[in-house]
Each structure stands twice: as C-alpha cells, then as structure tokens.
Amino acid sequence: MYEKMTPPLYGSGVIKRYSGNPILKASDVPYPAELIFNAGVAKYNGEYVMIFRNDYDYVSGSLFRGCNLGIAKSNDGVNWTVVKKPFFTLDMINDPEITRVYDPRLTVIDKELFVCFAVDTHHGVRGGIGKIPPELDRLEIISLTTPDNRNMVLFPEKVNGMYVRLERPFTVYSRGRDRFDIWISKSPDLKYWGESSLLLAVEDVPFANDKLGPAAPPLKTPEGWLTMFHAVDIDPKRGKYGWEDKWQKRYTAGIMLLDLNDPSKVIGMSKEPLIAPEADYEAREGFRSNVIFPGGFISEEDGTAKIYYGAADTVECMATARISDLINLCNSPRKEV
Ligand code: BMA
C-alpha cells in the first residue's frame with residue numbers, strides 16, 4: 001500500500017505562494033522562539049489576528065522543552081507584528097495534568113472569537129475549545145474532549161441551530177496505528193458535543209495512506225462549505241529529513257466541499273493535493289521537512305482567499321487563490337494516477 005504513495009506529489013496550479021514567505025519566523029518573535037508554525041488566523045474587530053505555536057529550547061530528536069502560543073496582529077494579513085508577551089503559557093492554567101497546548105485554530109462566530117487547540121496530558125491528547133475576549137489577553141476554556149482527539153476546528157456559524165466542529169480522533173485500536181479519519185460533531189452550546197459521524201476517511205483521499213486532519217474554519221460559499229484538511233502519506237523508504245534522525249511522513253493540504261445544509265455530507269473533493277511540499281522552506285529545509293499544515297483560511301472581498309499554513313514545522317507561510325478556482329477543483333473529475 002505504501003509503495004503506491006512514493007511518487008512526488010504536486011500542489012494545484014491555482015495556488016500562489018506569497019513571494020515573501022515565510023510571513024512569520026522565530027526571529028520576528030521578541031521572546032525565546034525556535035519554531036513558529038501551525039497558526040490559526042481570523043479577521044476580528046477590524047484587524048487580522050494570528051495565534052501561533054512556538055516550540056523553543058531544543059533538546060534533541062523531536063524534543064523541545066518549551067511550547068507556548070504567541071499572538072500577532074496585522075492590518076493586511078501579510079505584514080505581522082508580534083505582541084511582546086506570549087498569549088498562552090502553561091503556567092496560566094495551573095493544571096499539572098496538562099503538559100502542552102498547541103496547534104490553535106481561530107473562528108469568529110457572531111462577532112466573538114473562539115479557539116480550538118490540542119492539549120497533551122499525562123493521560124492522552126484532548127481537543128480543547130475556548131473563548132478569547134476582545135482584549136485578546138486570555139483563554140477561557142469551554143470544553144475538552146476525552147482522549148485521544150485533536151485538530152478540532154469550529155464552523156463560523158451555526159448550521160440548523162447547532163454549532164458544528166470537525167475533529168480527528170485517534171482510532172489506534174480499531175483502525176490500526178495511524179489510520180485516522182475526520183469526524184464531524186454538533187453542539188447546542190460549544191460545551192456538549194454529539195450527533196457525531198464520520199466525514200472523510202483516509203481511503204477516500206487518493207494522496208493519503210496514513211491519516212487526515214481538519215485544517216481551518218470552512219468558508220461559506222453558494223456551492224457549499226469550502227473546507228481544507230491535511231492529508232498524510234508515509235513511506236518507510238524515506239530516511240532523514242530535517243533535524244530528526246528519521247521522518248518518513250509527508251503532509252499535504254487537501255480541499256473539499258461540504259453540503260451547506262448538512263455539512264456531514266462531502267459533495268466534492270479535489271483528488272489531488274491543494275498544496276504539496278515543493279518550496280525549499282516546505283520540502284528541503286527546517287525541523288521536519290515535507291510538512292504543510294494549514295490552519296487559517298480567510299476570504300477577501302475581491303473573491304480571493306488567504307491560506308495560512310505551517311511549513312516544515314518551522315515557519316508560518318501564506319498562499320492565495322481565487323475562491324471560484326478552489327470550488328472548481330472540488331468539482332473536477334478525478335485524474336487517473
Ligand atoms: C502532527 C502534529 C502537528 C505537526 C505534524 C507534523 O502530528 O504534531 O503539530 O505539525 O504532526 O510534524
């Protein structure tokens with residue numbers, strides 16, 4: 001099965017990488033920072049807000065002693081200024097059970113800012129949802145899943161009176177180690193979640209053989225919810241990429257359309273990656289080369305979208321595309337591979 005995935009993958013021609021990539025890197029951050037990546041981005045109260053992951057104090061292998069969340073602001077979504085102090089550090093929550101909070105995704109719902117995040121604990125990985133007040137100075141936790149779950153993201157509005165989230169449980173026993181799919185759940189209040197169903201399985205995605213995960217809040221379009229995800233293929237023949245001794249995975253971005261009235265139905269999907277690691281800062285440099293990890297998807301008035309993604313688990317990058325082109329990709333027939 002893995003053999004099939006080894007050929008190079010290329011992203012879609014409708015994507016344009018920002019020529020000044022990366023848009024945020026460790027040297028832009030005014031406190032200890034080594035890897036700046038996997039950010040959530042939202043347009044909120046007249047400006048662009050980004051909350052990014054910062055891994056620092058490198059030990060060896062994949063181990064960093066520190067991880068916090070930083071915050072940056074921008075007037076144009078391109079040029080960012082990092083706020084002097086981190087937005088979130090572990091000592092702000094005084095819970096010895098929690099060892100790390102990371103990979104934030106921001107969603108504005110009814111003019112309020114919410115964040116989903118992954119939480120490592122001594123008893124498994126949990127998906128968190130929190131509210132961020134207008135001062136952007138604290139995280140108010142609303143709910144945490146049971147382990148193992150992460151990569152959660154909220155829709156930007158209720159659908160048929162219910163909040164909706166995408167999520168990625170780790171079905172280690174039933175699906176085998178690393179064969180993880182995207183699920184969808186509903187809630188009346190962001191706290192209690194249910195009516196869960198499978199949304200997209202690894203075998204539905206021709207460019208994945210390992211696992212999938214939700215990316216950024218879906219964009220509402222007349223054709224459906226335009227929804228990005230990440231897709232992972234693993235190739236045991238890959239050896240050392242980046243700083244680690246062994247890194248055999250490749251993360252790409254995919255795109256699909258979900259039914260407007262019933263987002264648990266996938267109504268279209270590009271059968272090829274939307275973004276594959278191709279630029280040096282994605283494919284050849286950094287801590288874990290070959291990683292595209294999208295977390296922000298912002299629609300602009302001119303019909304384009306800004307896509308924000310972590311590259312090589314090292315820097316934060318941006319690409320743009322016309323929303324109509326992205327919709328066409330989801331509706332285009334499968335190319336034979
Ligand atoms: C996933 C998460 C992400 C990371 C990716 C690639 O499992 O840990 O935060 O970007 O791996 O290393």
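Counting convention: from 1, in listed order, for ligands and their atoms alike. FYI, side chains are in, hydrogens and waters are out, and symmetry mates aren't considered; it's all heavy atoms of this structure.
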Subject >> With Phe287 via ring pair (Phe, Tyr, Trp, His ring centres under 6.0 Å) - residues at least two apart >> reply: Phe64, Trp243
Original post:
What residue pairs, at least two apart or across chains, pass salt bridge (Lys or Arg N to Asp or Glu O under 4.0 Å) with a residue in residues 308-325?
Top reply: Arg288-Asp313
**OP:** Please list all pairs passing the ring pair (Phe, Tyr, Trp, His ring centres under 6.0 Å) test where one or both residues lie in residues 158-183, with sequence neighbours left out.
**Re:** Phe170-Phe180
Original post:
Between Arg175 and Glu203, does at least one N-O distance fall below 4.0 Å, as a salt bridge requires?
Top reply: yes
Original post:
Do we see a donor-acceptor contact under 3.5 Å between the side chains of Glu167 and Thr145?
Top reply: no
Kindly print each ligand 1 N/O atom paired with any protein N/O atom under 3.5 angstrom away, one pair per line, or none if nothing qualifies.
{"unit_1": "ligand 1", "atom_1": "7 (O)", "unit_2": "Arg150", "atom_2": "NH2", "d": "2.8"}
{"unit_1": "ligand 1", "atom_1": "7 (O)", "unit_2": "Tyr251", "atom_2": "OH", "d": "3.3"}
{"unit_1": "ligand 1", "atom_1": "9 (O)", "unit_2": "Asn38", "atom_2": "ND2", "d": "3.1"}
{"unit_1": "ligand 1", "atom_1": "9 (O)", "unit_2": "Arg53", "atom_2": "NH1", "d": "2.8"}
{"unit_1": "ligand 1", "atom_1": "9 (O)", "unit_2": "Asp103", "atom_2": "OD1", "d": "3.4"}
{"unit_1": "ligand 1", "atom_1": "9 (O)", "unit_2": "Asp103", "atom_2": "OD2", "d": "2.5"}
{"unit_1": "ligand 1", "atom_1": "10 (O)", "unit_2": "Asn38", "atom_2": "ND2", "d": "2.9"}
{"unit_1": "ligand 1", "atom_1": "10 (O)", "unit_2": "Asp313", "atom_2": "OD1", "d": "2.7"}
{"unit_1": "ligand 1", "atom_1": "11 (O)", "unit_2": "Tyr251", "atom_2": "OH", "d": "2.9"}
{"unit_1": "ligand 1", "atom_1": "12 (O)", "unit_2": "Arg288", "atom_2": "NH1", "d": "2.7"}
{"unit_1": "ligand 1", "atom_1": "12 (O)", "unit_2": "Asp313", "atom_2": "OD2", "d": "2.5"}

**OP:** Evaluate whether atom CD of Glu300 has more than 12 neighbouring non-hydrogen atoms of other residues, nucleotides or ligands under 6.0 angstrom away.
**Re:** yes
